[in-house]
Amino acid sequence: MRKQAIWDAVHEVGIHTRAVEGLIESTLIELAELQSKIVQVSNVAGVSYSTLQDSFEGVSATINDLVRVRGTMAQCHGVFLEAKEQIPGVRTTSWGDGDPCCGKVAHTDLRVVA
């Protein structure tokens, strides 16, 4: 019962980590499209660069900040993977075949978390 509760909690962290990473990626895509639209408006409207420059810089600054957030989230993901090895019930206890000289092959269900 406790082992399943631990597994469920760790699994939820993995799911939410990927969800957050996906949100960051999609937000970066949206911001890049927004930046492109600002350039398009400037060209179509025939306004000077200075008219929309503050907006353009604001979106650029947001993209730069989000790129840093993306890096921080990637570091968190790595830390989660390392921490997993310290949690009973989810850490890897063996990998692959036990002894290559023997004819037996070890089989186990592996669970991947984050």
Side-chain angles (χ1 to χ4, degrees):
M1 177 98 129
R2 182 171 188 270
K3 183 177 180 180
Q4 186 62 43
I6 292 169
W7 167 250
D8 291 343
V10 169
H11 186 69
E12 287 296 315
V13 168
I15 289 171
H16 282 92
T17 298
R18 288 191 185 109
V20 169
E21 290 170 342
L23 288 170
I24 293 168
E25 295 282 323
S26 63
T27 304
L28 280 168
I29 291 168
E30 292 296 325
L31 285 166
E33 290 178 12
L34 176 59
Q35 196 170 40
S36 173
K37 299 290 183 194
I38 292 170
V39 171
Q40 184 180 12
V41 165
S42 178
N43 288 335
V44 170
V47 296
S48 68
Y49 281 176
S50 62
T51 304
L52 295 173
Q53 184 62 25
D54 287 342
S55 297
F56 196 75
E57 287 178 3
V59 173
S60 294
T62 304
I63 290 171
N64 287 336
D65 291 344
L66 201 53
V67 167
R68 278 192 289 279
V69 168
R70 185 180 185 272
T72 303
M73 192 63 215
Q75 290 173 350
C76 288
H77 196 138
V79 171
F80 292 154
L81 290 174
E82 290 174 10
K84 175 189 75 139
E85 294 301 317
Q86 304 301 316
I87 301 171
V90 292
R91 64 180 167 229
T92 304
T93 56
S94 65
W95 188 263
D97 297 339
D99 188 357
C101 69
C102 302
K104 297 180 181 179
V105 177
H107 293 282
T108 184
D109 293 330
L110 293 177
R111 295 179 178 155
V112 177
V113 177

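None of the values given here were measured: they were computed from a predicted structure.
Contact of the Gln40 side chain with the Asn43 side chain is not registered, since no non-hydrogen atoms from C-beta on lie closer than 4.5 Å. Looking at Val13 and Lys84, their side chains never come closer than 4.5 Å, going by heavy atoms from C-beta outward.
In terms of modelled atom types and a separation under 3.5 Å, the side chain of Ser42 and the main chain of Ile38 share no donor-acceptor contact. Thr27 places a side-chain N or O within donor-acceptor distance of the main-chain N or O of Leu23, the cut-off being under 3.5 Å. His11 contributes no side-chain N or O that, together with a main-chain N or O of Trp7, makes up a donor-acceptor pair within less than 3.5 Å.
When each of Asn64, Leu52, Leu31 is paired with Val59, the side chain to side chain contact (heavy atoms under 4.5 Å, CB included) condition holds for Leu31 and for no other.
Separating the CZ atom in Arg2 from the CD1 atom in Ile6 is a distance of 4.0 Å, to the nearest 0.5 Å. Rounded to the nearest 0.5 angstrom, Thr72 OG1 and Leu66 CG are separated by 10.5 Å. Atoms CG and CZ, from Asp65 and Arg68 in turn, are 4.5 Å apart once rounded to the nearest 0.5 Å. Phe56 CZ to Thr51 OG1: the interatomic distance, rounded to the nearest 0.5 Å, is 14.0 Å. Within the model, atoms CD of Gln35 and OG1 of Thr62 stand 9.5 Å from one another, a figure rounded to the nearest 0.5 Å.
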Steps toward salt bridge (charged side-chain N to carboxylate O under 4.0 Å, His left out) verdict (Glu21, Arg70): CA-CA 7 Å; Glu21 290 170 342; Arg70 185 180 185 272; over 6 Å; no

